[in-house]
Amino acid sequence: MGFSEQDLLNWFTQYAYQPILIYCAIFLLMLASGFGLPAPEEITLVSAGLVCYIGSRPDLYPPPYVGATAVNPYVTAGVAFFSVIFSDCLVFFLGRRFGGQFLRSRYTARFRARMDDVAIWTKKYGMWAAGAFRFTPGLRFPGHFACGMMGLSTAKFVMVDALAAGISVPTQVLLVAFYGEHILVYFKQFKIVLAVIFLVVGIYYLVRWLKRRSANRKALSNPPPASASGE
């Protein structure tokens, strides 16, 4: 049984008139994305904008009942922006407070090489590295964590992060919210791209889990030799 574009539109339509649910979902998904979990920020922003577009066209997508309140595009863009800044600052402060303990933990050895790369970026570009990390998937969490750990000024971090987020976050939501009809023309491609993204992310985390499991098994089956004594 196929999943048509109309089915996907109907799925979005049911949430176009549940603003509180949408705002809460955006906050939680942005928080997950800020911590490096498989919740792509761009997909959340495009989806939020599409819900706003559907809510603005009751002639095409009738509300569930007369007088139903649709999702507001400006509020949605504001919630997305606030959520991004909040999650980035939370990671920053966690790095400042627990950065040393985090790197000394034996459970985080696999992060150290990436953190070294981030440290080089931060030393080279200073506060502007915080903005670069915002546009670099995979380095966002370790980058913001390292900014806090290395003692970057809080005011400078917030200023640069807010500037970078202001360029990308509200604009994506509002562009889709106001020009959704052009995006819907390519909805089939959007659906395919969305499916491919989730598939790639799923494979990536599956491979990581399998490699970690294999490494743990190898470490257990080949313990380091005990040092000789009395020789």
Side-chain angles (χ1 to χ4, degrees), residues 2-65 67-88 131-141 160-202:
F3 189 65
S4 67
E5 287 76 18
Q6 190 58 47
D7 292 330
L8 192 54
L9 283 173
N10 291 338
W11 185 83
F12 275 109
T13 302
Q14 67 179 321
Y15 296 107
Y17 298 92
Q18 300 186 46
I20 300 302
L21 180 61
I22 291 298
Y23 304 149
C24 291
I26 290 172
F27 177 79
L28 292 175
L29 289 170
M30 290 302 184
L31 192 62
S33 178
F35 277 83
L37 297 177
E41 181 178 294
E42 290 72 21
I43 297 299
T44 300
L45 295 175
V46 170
S47 299
L50 189 55
V51 168
C52 292
Y53 169 73
I54 290 173
S56 69
R57 297 299 306 271
D59 54 324
L60 297 177
Y61 310 100
Y65 56 89
T69 302
V71 176
N72 184 289
Y74 296 105
V75 175
T76 301
V79 169
F81 178 77
F82 168 79
S83 302
V84 162
I85 299 301
F86 176 85
S87 60
D88 290 348
F133 296 139
R134 163 128 293 282
F135 297 107
T136 312
L139 286 182
R140 191 173 298 162
F141 171 77
V160 174
D161 190 57
L163 178 63
I167 293 172
S168 63
V169 174
T171 51
Q172 291 187 68
V173 174
L174 294 176
L175 281 173
V176 179
F178 295 141
Y179 300 100
E181 67 273 13
H182 302 296
I183 294 173
L184 293 180
V185 172
Y186 302 100
F187 221 83
K188 180 176 291 185
Q189 291 89 332
F190 174 77
K191 184 180 70 173
I192 293 172
V193 170
L194 185 65
V196 169
I197 289 173
F198 279 111
L199 179 61
V200 170
V201 170

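Basis for what follows: all heavy atoms, side chains included, without hydrogens, waters or symmetry-related copies. Heads up: numbering here begins at 1 and tracks the sequence.
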Would you be so kind as to tabulate the donor-acceptor pairs closer than 3.5 Å made by side chains of residues 25-38, with sequence neighbours excluded?
from, atom 1, to, atom 2, distance (Å)
Ser33, OG, Ala39, O, 3.4

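Smallest separation of non-hydrogen atoms from Pro73 and Phe178: CG-CE2, 4.1 Å. A pairwise comparison of heavy atoms in Ala80 and Leu45 identifies CB-CD2, 3.8 Å as the closest pair. Nearest heavy atom pair, residue Ala165 against residue Val84, reads CB-CG1, 3.9 Å. In plain terms, the two heavy atoms of Tyr23 and Val79 that are nearest each other are O-CG1, 3.6 Å. What you find for Thr76 and Cys52 is that their closest heavy atoms are OG1-SG, 3.3 Å. Across every non-hydrogen atom of Ile22 and Tyr15, the tightest pair is CG1-O, 3.4 Å.
Partners of Pro170 under the side chain to side chain contact (heavy atoms under 4.5 Å, CB included) rule, at least two apart in sequence or in another chain, are Ala77, Phe81. The side chain to side chain contact (heavy atoms under 4.5 Å, CB included) check on Pro58 picks up Tyr17, Pro63, with sequence neighbours excluded. Scanning for side chain to side chain contact (heavy atoms under 4.5 Å, CB included) contacts around Ser168 gives Phe135, Gln172, with sequence neighbours left out.
Sorted by first and then second residue, the salt bridge (charged side-chain N to carboxylate O under 4.0 Å, His left out) pairs involving residues 15-29 (not counting sequence neighbours) form an empty list. Among pairs with a residue in residues 76-88, those fulfilling salt bridge (charged side-chain N to carboxylate O under 4.0 Å, His left out) read Asp88-Arg134, at least two apart in sequence or across chains.
Residue Tyr53 holds its OH atom at 9.0 Å from CG of Leu50, rounded to the nearest 0.5 Å.
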